[in-house]
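Report on the structure given below.
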Amino acid sequence: MKLILASGSPRRKELLSNLNIPFDIIVADIDESIDHSIPLRKEIERLSYEKAYAVFKDHEDSTVIGSDTIVTLNEKHLGKPKNEEDAFNMLKELQNNKHAVITAVSIISKDKVDTFSVVSDVYFNEMSDEEIREYIKTGEPMDKAGAYAIQGIGSKFIKKIDGDYYAIMGLPVSEVYNKLKEYK
């Protein structure tokens, strides 16, 4: 099987490498706007499919994986922060609270299509304004949905998770591995 990851995410590349299956990377070029009139889980599944299909249509001899991850707090989508003030406000909302991370995956080949999503709950500790500002100064929150990286410096603020740690990072490794067994 010729496998392609339709993502430029270094985290997804690292996680997919854990499967020990050779793959190429071709970044999908799609409009990633979210239609907020559609339930977020369905919308994120649509985006994962569009990413996979955008690459698959030019590589129909391959199996293509597309994925997308969003952070939600009370059904509100928390994207990547626009600036440091936005990051501060997001982290302030997340602190001492529970939020959901939804990761959707689509796997497309000429014989089969799978689209699924994994929802994980993340619980943050309380953080002082100073802790939040110091974290923002590291730069880590600035290109991350929800303004944090669970696998990085942001890990020190995580009280617990209910769900798949790797899905929170961007790819539910075990579920992808088990689905790929069905592809030739």
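When all heavy atoms of E140 and I153 are compared, the closest pair comes out as OE2-N, 2.9 Å. Minimum interatomic distance between V118 and E175 (heavy atoms only, all atoms of both residues): CG2-OE1, 3.6 Å. Across A6 and G66, no two heavy atoms sit closer than the pair CB-CA, 4.4 Å. Closest approach of S9 to S7, counting heavy atoms only: N-OG, 3.1 Å.
With 3.5 Å as the limit, one finds no donor-acceptor pair spanning the side chains of E45 and T115. S33 and D31 share a side-chain donor-acceptor pair at under 3.5 Å.
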Report the C-alpha distance between T69 and R12 in whole Å, list the side-chain angles of each, state the deciding distance to 0.1 Å, and finish with yes or no for side chain to side chain donor-acceptor pair (under 3.5 Å). CA-CA 11 Å; T69 301; R12 286 196 183 100; 3.0 Å; yes
Criterion side chain to side chain donor-acceptor pair (under 3.5 Å) on D111 and S109, from CA distance to verdict: CA-CA 5 Å; D111 300 318; S109 75; 5.0 Å; no
Start with the C-alpha gap between N178 and K181, add the side-chain angles, then the distance that decides, and say whether side chain to side chain donor-acceptor pair (under 3.5 Å) holds. CA-CA 5 Å; N178 285 316; K181 289 180 189 180; 3.3 Å; yes
Assess whether side chain to side chain contact (heavy atoms under 4.5 Å, CB included) is satisfied between E32 and I30, documenting all intermediate values. CA-CA 6 Å; E32 294 189 50; I30 67 160; 3.9 Å; yes
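No chain of hydrophobic side-chain contacts below 4.5 Å, direct or via other Ile, Leu, Val, Met, Phe, Trp or Tyr residues, connects Y183 to I4. Taken together through direct or relayed side-chain contacts under 4.5 Å among Ile, Leu, Val, Met, Phe, Trp and Tyr, I150 and I44 form parts of separate hydrophobic clusters. One hydrophobic cluster holds both L91 and M142 under the rule that ILVMFWY side chains link at heavy-atom gaps under 4.5 Å. Hydrophobic clustering (side-chain heavy atoms under 4.5 Å, transitive across Ile, Leu, Val, Met, Phe, Trp, Tyr) keeps Y53 apart from I38.
Between S106 and V113, every side-chain heavy-atom pair lies at or beyond the 4.5 Å cut-off. The closest side-chain heavy-atom distance from K112 to T63 is not below 4.5 Å. Within the 4.5 Å cutoff, the side chain of V176 has heavy atoms near those of the I65 side chain. A heavy-atom distance below 4.5 Å is found between the side chains of P172 and T103. Taking 4.5 Å as the limit, some side-chain heavy atom of V173 sits within range of a side-chain heavy atom of L19. A heavy-atom distance below 4.5 Å is found between the side chains of K76 and L78.
In summary, the aromatic rings of Y148 and F157 are positioned with their centroids too far apart to meet the 6.0 Å limit.
With respect to K2 and D24, a salt bridge is recorded, a charged nitrogen being found less than 4.0 Å from a carboxylate O.
Residue K110 qualifies as open at atom NZ: its count of foreign heavy atoms under 6.0 Å is 12 or below.
Stacking of K160 on the aromatic ring of Y123 is recorded, both the 6.0 Å distance cut-off and the 45° axial limit being met. Cation-pi check for K179 over F116 is met; the charged atom lies under 6.0 angstrom from the ring centroid and within 45 degrees of its normal.
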